Amino acid sequence: MNNDKRTEKQKIGAIGEDTACKFLMKQSHTIITRNYWQKWGEIDVISEKDGILHFVEVKTVSCENLENVNHET
């Protein structure tokens, strides 16, 4: 029996965060924490590399929504 009560959107978001963390670790980042919550909001990933903290917001889209993606720099 599956006790995972997350929505599909939350499951897709978790996959995106996992992928982002794997990418960061390949770039020699250390993952400090994920899903850091405060009263003002959430930070998806906090990592550290060379003494610098990085605060990462992850946005994940599924293939069904890919045509609506806008690549911004």
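Since we're looking at a predicted model, the values are computed, not measured.
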*Asks:* Residues two or more places apart in sequence or in another chain: which of them pass side chain to side chain donor-acceptor pair (under 3.5 Å) with Ser47?
*Replies:*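 If we apply the side chain to side chain donor-acceptor pair (under 3.5 Å) test to Ser47, skipping adjacent residues, the hits are His29.
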*Asks:* So do the side chains of Thr60 and Ile15 get within less than 4.5 Å of each other, counting heavy atoms only?
*Replies:*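 Heavy-atom side-chain distance check fails, nothing below 4.5 Å.
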*Asks:* Rounded to the nearest 0.5 Å, what separates atom CD in Gln10 from atom NZ in Lys5?
*Replies:*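 Here the interatomic distance stands at 12.5 Å.
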*Asks:* Which residues end up grouped with Ile46 if you chain together Ile, Leu, Val, Met, Phe, Trp and Tyr wherever their side-chain heavy atoms are less than 4.5 Å apart?
*Replies:*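 Ile32, Tyr36, Trp40, Ile43, Leu53, Phe55, listed by chain and number.
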*Asks:* Do any pairs count as a salt bridge (charged side-chain N to carboxylate O under 4.0 Å, His left out) and have a residue in residues 31-53, sequence neighbours left out, and if so which ones?
*Replies:*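 Sorted pair list: Glu17-Arg34, Asp18-Arg34.
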*Asks:* Name all residues meeting the salt bridge (charged side-chain N to carboxylate O under 4.0 Å, His left out) criterion together with Lys59; count only those two or more places apart in sequence or in a different chain, and write none if there are none.
*Replies:*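 Per chain and number, Lys59 pairs via salt bridge (charged side-chain N to carboxylate O under 4.0 Å, His left out) with Glu57.
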*Asks:* Show the nearest heavy-atom pair for residues Val58 and Ala20, with the distance to one decimal.
*Replies:*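 It is CG2-CB, 3.8 Å.
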